[in-house]
Protein chains: 2
Amino acid sequence: MATIKDVAAEAGVSVATVSRVLNGKGYVHEETLMRVREAIEKLNYSPNEVARSLFKRESKLVGLLLPDITNPFFPELARGVEDELQKQGFRLLFGNSDEDPEKEKAYIDTFLQNQVVGLISATQAFSQLNDERPAIPTVLLDRTHEGSYTVYADGIEGGRIVARELVNRGSHNITVLKGPGHIQPVQDRFLGAVEVLASSNVNFQVIQMASLTYEEAEQRAKELFSQYPDTDGIFASNDITAAAVLHEALRIGKSIPDDVQIIGFDDIPMSRLLFPALSTIRQPVYEMGQQAAQLLLKLIKKEQVIEQNIQLPVSFIERNTTRKVKRNG
Amino acid sequence: MATIKDVAAEAGVSVATVSRVLNGKGYVHEETLMRVREAIEKLNYSPNEVARSLFKRESKLVGLLLPDITNPFFPELARGVEDELQKQGFRLLFGNSDEDPEKEKAYIDTFLQNQVVGLISATQAFSQLNDERPAIPTVLLDRTHEGSYTVYADGIEGGRIVARELVNRGSHNITVLKGPGHIQPVQDRFLGAVEVLASSNVNFQVIQMASLTYEEAEQRAKELFSQYPDTDGIFASNDITAAAVLHEALRIGKSIPDDVQIIGFDDIPMSRLLFPALSTIRQPVYEMGQQAAQLLLKLIKKEQVIEQNIQLPVSFIERNTTRKVKRNG
DNA sequence: TTGAAAGCGTTACCAT
DNA sequence: ATGGTAACGCTTTCAA
């Protein structure tokens with residue numbers, strides 16, 4: 001690898017001059033500029049980012065911390081983040097924490113040791129780590145925490161919509177599979193749904209889940225249908241859960257959506273491929289990633305940030321696990 | 001951030017000594033050791049990886065290049081790679097290239113500028129980039145290229161299995177949706193299938209696809225059923241394609257698997273959630289990621305590498321888009 | 001307009 | 001057993 005010295009020697013100038021043309025700052029004679037450019041070309045030189053980072057005490061790297069990229073919700077988030085950051089020449093240092101605080105700390109530490117300029121985290125542990133928060137720009141994604149910069153979707157409204165749609169489409173006996181309460185956006189969905197359900201003229205019951213995984217959902221789905229056989233509407237808290245419920249419902253011979261309506265949450269790519277295709281609440285996941293990246297970029301550049309918390313709207317995606325609503329006229 | 005100098009001052013020793021205890025090499029008195037440890041503790045010091053990288057001319061970073069993490073095949077791959085690398089303290093610099101050579105080059109360049117110690121790539125363009133291949137350890141994942149280190153699944157055998165299973169389970173008129181020929185592992189599936197089909201007593205036809213995307217597959221599926229209405233067995237080349245075909249088949253009223261059997265390839269997580277659940281060929285994706293990481297680690301440490309190409313076995317996952325095979329007895 | 005030199009935080013060599 | 005110091009490749013004063 002050629003260094004700046006090689007280029008300087010080749011061009012017959014000092015390294016300072018080369019540095020100037022590299023960074024396009026300071027005066028440099030037209031002719032010298034040419035010579036340097038040629039030398040760079042000839043030696044196929046490109047600057048060592050590590051040396052740069054060392055001097056500037058910051059890199060062009062951003063740390064991205066996810067619970068688990070294997071969960072279908074996250075790839076698009078990550079893509080949104082990456083695409084946005086990439087435009088400005090930033091690269092991603094990437095890690096999955098499995099929500100394990102140890103792993104999480106290990107990742108954050110090494111990210112910091114590598115002098116990342118910013119951090120984006122979609123993990124719960126991180127958002128709770130209040131003390132000893134790294135002194136670099138940080139944005140929480142799909143998580144919230146008092147005093148932090150955050151980007152998330154409107155869970156409350158999402159929950160409300162689910163309840164409304166279920167009720168409007170004729171469910172009278174609704175079961176909601178409630179996700180873990182310590183994850184705020186998930187809790188919000190629940191709150192929104194209950195708010196509407198409580199003021200509607202329907203029965204409803206809630207089953208508490210420790211995690212929103214397929215495995216647990218399979219189990220809970222069985223309980224659901226044996227414990228509440230009259231259920232004719234289900235809010236599944238996320239699409240993975242909904243898929244498990246749907247599978248179980250079909251297995252025991254329920255007709256969907258005629259016997260039971262099901263609504264998920266997230267609109268992960270698989271949802272439209274289920275059969276029947278899953279009605280769900282769409283979070284603008286890719287956009288959430290983008291927004292988080294944009295917010296972080298502003299923070300890094302110390303630009304004025306108007307809103308510390310960015311809430312994105314959700315929308316109902318009508319597919320085939322809900323009945324058609326009767327139109328008037 | 002405290003530096004090694006601060007620690008030295010705090011402990012009343014020289015930076016050289018601190019460096020020695022940090023790296024556990026060279027002599028250092030028991031008592032001095034203690035003092036230094038205390039100073040480190042007290043100042044909450046951790047070494048600057050960037051400075052280390054600069055001096056050593058290599059980092060603890062590995063570059064991972066993927067076509068698109070949003071494609072459900074890749075998250076598990078990435079996880080396999082990460083988990084394995086993480087054990088040894090390596091971190092991932094991560095990028096999606098969309099198979100765009102420009103983007104690809106940009107990522108590789110910056111990875112190199114950040115002095116990654118190794119590269120893992122699952123992109124096609126990269127494997128073709130023969131000249132000017134970076135002089136650092138590199139392994140190709142799910143791609144092959146003459147002279148490179150590679151990890152991939154046995155596509156040929158996979159193709160054979162698909163053909164055999166389709167035939168054994170009673171299909172007589174088989175359509176294969178062939179993926180892009182320039183991706184070797186995809187081409188292999190095709191070759192394997194044709195090998196068996198050609199020597200079987202069945203009809204078969206092939207439809208060429210430019211990409212294995214859902215969008216194109218939806219289109220091709222329509223052509224398939226109108227052009228070859230007698231098709232009673234389909235090899236879909238990957239699970240995404242299979243999902244699209246399945247959807248279309250159901251839509252036009254085919255009974256699956258009675259009228260038409262469908263077999264996919266990959267066994268992405270969604271496959272078992274489709275309805276009917278998709279029969280497919282399972283690639284050990286997570287393990288492929290691990291193996292690639294292990295191979296890279298060996299390369300980095302200049303350990304003896306026995307096989308330059310690691311081929312992993314595939315297996316048939318019987319679900320509900322294929323008929324039950326008749327058992328003798 | 002250009003160059004010399006200091007310094008970013010480490011490590012490793014050479015003395016002592 | 002310990003310390004001084006050059007070096008890694010770059011940027012940025014400061015002086016010329």
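Here is how names work: the chains are called A, B, and so on, in the same order as the sequence lines, proteins then strands, and each is numbered from 1.
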*Counting N and O atoms only, with roles assigned by atom type, does the side chain of Glu10(A) sit under 3.5 Å from a partner on the main chain of Ile40(A), one being a donor and the other an acceptor?*
no
*Does Arg79(A) make a cation-pi contact with Tyr286(A), if we ask for NZ or CZ under 6.0 Å from the ring centre and within 45° of the axis?*
no
*Does Phe55(B) or Glu30(B) map to a spot on DNA chain D nearer the 5' end, using the closest nucleotide for each?*
Glu30(B)
*Spacing between Ile40(B) atom CD1 and dT10(C) atom P, to the nearest angstrom*: 10 Å
_On the nucleotide dT11(D), are OP1 or OP2 found under 4.0 Å from the side-chain N or O atoms that Asn23(A) carries?_
yes
_Atom-to-atom span, CG of Leu43(B) to C1' of dG9(C) - whole angstrom_ = 15 Å
*Does the side chain of Ser211(A) pick up a donor-acceptor pair with the side chain of Thr213(A) at under 3.5 Å?*
yes
*asked:* Of the options dT12(D), dC8(D), dC8(C), whose atoms approach the side-chain atoms of Arg57(A) most closely?
replied: dC8(C)
*Choose from dG3(D), dA1(D), dT10(C) the nucleotide whose nearest atom is closest to any side-chain atom of Tyr27(B).*
dA1(D)
*What is the distance from CD of Gln115(A) to C1' of dC10(D), rounded to the nearest Å?*
13 Å
*Atom CG of Asn114(A) and atom P of dC8(C): how far apart are they, to the nearest Å?*
20 Å
*Tyr45(A) vs Ala16(B), nearer the 5' end of DNA chain D by closest nucleotide*: Ala16(B)
*asked:* Any base atoms under 4.0 Å from Ser53(A), or only sugar-phosphate, or nothing? Heavy atoms, all strands.
replied: nothing
*Identify, between Thr32(A) and Lys25(B), the residue whose nearest nucleotide on DNA chain C lies closer to the 5' end.*
Thr32(A)
_Side chain of Arg52(A) only, heavy atoms from C-beta on: which candidate in dC10(D), dG4(D), dT11(C) is closest?_
dC10(D)
*Look at the side chain of Thr3(A) and decide which nucleotide, out of dG9(D), dA12(C), dG3(C), has an atom nearest to it.*
dG9(D)
*Would you mind telling me which of dG9(C), dT2(D), dG3(C) lies closest to the side-chain atoms of Ile4(B)?*
dG9(C)
*What's the closest nucleotide to the Leu54(A) side chain, out of dC8(C), dC10(D), dG3(C)?*
dC8(C)
*Please determine, for the side chain of Lys5(B), which listed nucleotide (dC8(C), dT11(C), dC8(D)) has the closest atom?*
dC8(C)
*Any idea which of dT2(D), dT2(C), dT11(D) is nearest the Thr17(B) side chain?*
dT2(D)
*asked:* Could you check whether Arg143(B) makes a cation-pi contact with Tyr152(B), meaning its NZ or CZ is under 6.0 Å from the centre of the six-membered ring and within 45° of the ring axis?
replied: no
_Under the salt bridge (Lys or Arg N to Asp or Glu O under 4.0 Å) test, residues paired with Lys87(A) that sit two or more places apart_ = Glu84(A)
_Residue His29(A), side-chain atoms from C-beta onward, closest of dT1(C), dT11(D), dA12(C)_ = dT1(C)
*Look at all strands and tell whether Val50(B) reaches a base, only sugar-phosphate, or nothing, counting heavy atoms closer than 4.0 Å.*
nothing
*Pro47(B) side chain: which of dT10(C), dT1(C), dC8(D) is closest?*
dT10(C)
